[in-house]
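Position 1 is the first residue of the sequence, and the numbers go up from there.
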Amino acid sequence: MSKVSGCLEGVSFLGPKSENASWLRSEFDRVLDQWFDWRRALFSEDPSPIPESIRLTPDFLAGQDMLSQKVRELSDMMTGEVPKYTPRYIGHMVSELSVPALLGHFVTLLHNPNNTSRDVARVSGRVEDEAISMLAGMIGFDPARAQGHFTSGGTIANFESVWRARYRMDHSLALGLCIAEKTGEPFDPVSFAHLGWEAHTALAATHNITDAELREASGVLGNPFRIAARITRASGREWNGPVLLVPGNKHFSWQKAANVFGLGEEAFWTIGLDRNGRLSLASLREAIERAFAAGRPVLAVVSVAGTTEAGEIDPVDGVCDVLDAWRDAGRDIWHHVDAAWGGFLCSMLGGDAGRVLSEHAGRALKAIRRANSVTLDPHKLGYVPYACGAFLVRDQASYANSTFAAPYIDRSAPNDRWMMTLEGSRSGSGAAAVWLTGKTLTFGPQGFGDIMAGTLDSRAYFEQALVSGCRLVRILEPADSNILCFSLAKQGEGLAASNARTRRVFEAFVGDPEFSVSRTELSVANYGALIDSHLDRYGGQADCQSLVLIRCVFMNPFWRNPQVRSALMPRFLDRLETHMN
């Protein structure tokens, strides 16, 4: 798909005034006509269970009329929904759907494939394979080696990473326990837990450890309490299990993961943040060393590429360097990048679109390819309908997990994912929406990357206009992506007073139909250094334990349009000034 008058988004989205309605309607009609014809032609000799003699009866016609009325009723009700398609909506991580994503979703929805197995998704399954390869290429994985699948969202994708990291660690711990119990050699759980697959395979062959023996020593497949007792005896040290290292800017799904996988909240260790609200590499090094000294392996280290609060991008490159050093020392630690929000910014890399990225963000996004696994959320910055997440790993070995039997599913299909996913039934609509997006817009700097660049440019424009137009605006810095947060404070004012003002203005926006914004609140416990940095810029006083911020998400592709900017920005400033008074 090429740009139209230098405006790629003009042809890629319906438009806030339904500007592309005629064209989109014709595409929907064409899809429906093909679907109708396909059904009529296939097995045409079969009798119709709904003949004309039934379709013309009063009861049948009355039933159709009743359904039509309820459809209109539902349609009327939905006009009261939040209008997320308009540039006036800058509230949460949702916006206008792209036309390719909408059509891809619709076409596939009509056929209702279940991507759990090629038995029921022989075409949709191939579409998923191709879509995963496109996303893998976008983030820098080798598409020929990468593996993955679509999920219902980022939470499940994050769970998938824990499942696989635990599977790898459990295999290595079981191997070490088998060797120690066979030979009487000292057992160091930390060293064995971080073997990595290559070293694990070689060591298992050397000691002739069978799969059956590994299963008997597995804390995942066997009784975890008995296995813990065996590890304690073999190591001569109480076994307290692994820890999960996640930065203080994490998504709430990671606490869920610690709960769901039986790690316990005690095993959920928070990595401190620096003055930019990003993962602190010094805190990461300290946490790893503290865990190892306590005899506890690190199940995984998580870094975030685009936080939900303010869009910060952790120093993924620095995290990779830290873990590479440990890998060189013989301890291979799983690294997962939660790029549910910022992963699609990788489409800007390697072209002019990347000019709007800061040097830090560019380095961090380029380093995602070095991680073991990655979460993406196409239903966020991919402009794909809900619910659609994606989980990717860099190679086949990293995709390995526990397997389960389902005799009613054909196990011979080489690309079936039914036993490789936490979810069972999975709609093919999300994969198709991503596939059609990639086939038309392309996930490179001249296509999708250009749209991403526009969202970052819009955030920068809004920031400059906001600061110039309102003297009380205090921007939260740095802004790594297309999310802008600000508080409203007088010079030298205490945090409690500015928080009260910011809350009051946000509540006024909630009751104002003209613009939609969101609110977030950063705690001193997690964001203390960032809050101090924010206060230093205007001499503010830290007299309470949190910072309240108005949060604006610049997803809508039409904010880069000069006419939209010139019309909406003055109006927003006017509403902001009104709500402050």
Side-chain angles (χ1 to χ4, degrees), residues 84 91-98 100-102 104-105 115 128 131-132 134-141 146 148-162 246 249-254 256-257 302-314 316 336-348 361 364-365 368 371 373-393 421-423 426-438 441 443 448-449 451-452 455-456 480-483 518 520 551 553-557:
K84 298 174 285 293
H92 289 282
M93 295 169 159
V94 59
S95 181
E96 176 87 294
L97 297 172
S98 77
L102 190 58
H105 182 94
N115 281 12
E128 180 171 18
I132 287 294
M134 293 178 196
L135 294 180
M138 181 186 74
I139 63 174
F141 282 168
H149 59 271
F150 287 89
T151 68
S152 60
T155 293
I156 297 298
N158 287 339
F159 283 13
E160 293 277 6
S161 71
V162 177
V246 183
N249 56 22
K250 79 282 184 185
H251 187 259
F252 62 80
S253 60
W254 291 105
K256 289 183 179 180
V302 177
S303 55
V304 182
T307 66
T308 52
E309 290 92 353
E312 301 107 333
I313 297 176
D314 285 338
V316 179
H336 179 76
V337 179
D338 185 351
W341 175 246
F344 280 89
L345 300 180
C346 291
S347 62
M348 293 189 286
L365 293 172
I368 289 178
S373 56
V374 179
T375 287
L376 296 173
D377 258 0
H379 65 211
K380 290 188 173 77
L381 271 182
Y383 302 99
V384 166
Y386 285 111
C388 183
F391 172 72
L392 295 95
V393 295
T421 63
L422 283 172
E423 295 168 290
R426 295 181 302 111
S427 169
S429 297
V434 172
W435 182 91
L436 194 54
T437 301
L441 297 178
F443 292 119
F448 205 87
I451 294 175
M452 292 293 95
T455 67
L456 267 70
D480 291 333
S481 62
N482 40 22
I483 298 177
S518 55
T520 190
R551 176 173 169 269
V553 179
F554 288 90
M555 278 185 68
N556 192 287

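- Annotation for Arg551 and Thr308: closest pair NH2-O, 2.7 Å, computed over non-hydrogen atoms.
- Using a 4.5 Å cut-off on side-chain heavy atoms (C-beta onward), Thr421 and Thr151 make no contact.
- Closest approach of Ala364 to Ile313, counting heavy atoms only: CB-CG2, 3.6 Å.
- Here CE of Met134 is found 14.0 Å from OG of Ser347. Values are rounded to the nearest 0.5 Å.
- Using a distance-only test at 3.5 Å, with no hydrogens or angles considered, no donor-acceptor pair links the side chain of Glu96 to the main chain of Pro557.
- Val302 is not listed as a side-chain neighbour of Asn158, based on a closest heavy-atom distance of 4.5 Å or more.
- Partners of Asn249 by side chain to side chain donor-acceptor pair (under 3.5 Å), not counting sequence neighbours, listed by chain and number: Asp314.
- For the salt bridge (Lys or Arg N to Asp or Glu O under 4.0 Å) condition, the pairs that include at least one residue of residues 374-393, sequence neighbours left out, are Asp377-Lys380.
- Rounding to the nearest 0.5 Å gives a distance of 9.5 Å between OH of Tyr386 and CG of Leu97.
- One distance of note links CG of Leu376 with CG of Leu135; it measures 6.0 Å at 0.5 Å rounding.
- Residues Ala433 and Pro385 approach most closely at CB-CD, 4.4 Å, considering heavy atoms.
- You'll find the side chain of His149 stays beyond 4.5 Å of the side chain of Asn115, heavy atoms only.
- Not a single donor-acceptor pair under 3.5 Å links the side chain of Ser303 to the backbone N or O of Val316.
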Applying side-chain contact (heavy atoms from CB on, under 4.5 Å), run through Ile483 and Met93 and close with a yes or a no. CA-CA 9 Å; Ile483 298 177; Met93 295 169 159; 3.6 Å; yes

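- Between Ser373 atom OG and Phe391 atom CZ the span is 4.5 Å, to the nearest 0.5 Å.
- Closest of all the heavy-atom pairs between Pro378 and Cys388 is CD-O, 3.2 Å.
- Between the side chains of Ser152 and Glu423, at least one donor-acceptor pair of N or O atoms lies under 3.5 Å.
- Nearest approach of Gly449 to Met348, heavy atoms of both residues: O-CG, 3.3 Å.
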Residues His105, Val384; criterion side-chain contact (heavy atoms from CB on, under 4.5 Å); working and verdict: CA-CA 8 Å; His105 182 94; Val384 166; 5.7 Å; no

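- Below 30°, between 30° and 60°, or above 60°: for Phe448 and Phe344 the angle between ring planes is between 30° and 60°, a tilted geometry.
- By the 4.5 Å heavy-atom criterion applied to side chains, Asp338 and Val246 are not counted as neighbours.
- Closest non-hydrogen pair, Ala339 versus Ile368, comes out as CB-CD1, 4.4 Å.
- Looking at Val304 and Glu312, their side chains never come closer than 4.5 Å, going by heavy atoms from C-beta outward.
- The CD1 atom of Ile451 sits 11.0 Å away from atom CE of Met555, with the distance rounded to the nearest 0.5 Å.
- Summarising the geometry, atom SG belonging to Cys346 is positioned 11.0 Å from atom CG belonging to Leu381; distances are rounded to the nearest 0.5 Å.
- In this structure, the side chains of Thr437 and Val434 stay at 4.5 Å or more apart for every pair of heavy atoms.
- Under the 4.5 Å side-chain criterion, counting only non-hydrogen atoms from C-beta, Val162 is in contact with Trp254.
- Residues Trp341 and Asn482 have side chains in contact (heavy-atom distance under 4.5 Å, counting atoms from C-beta outward).
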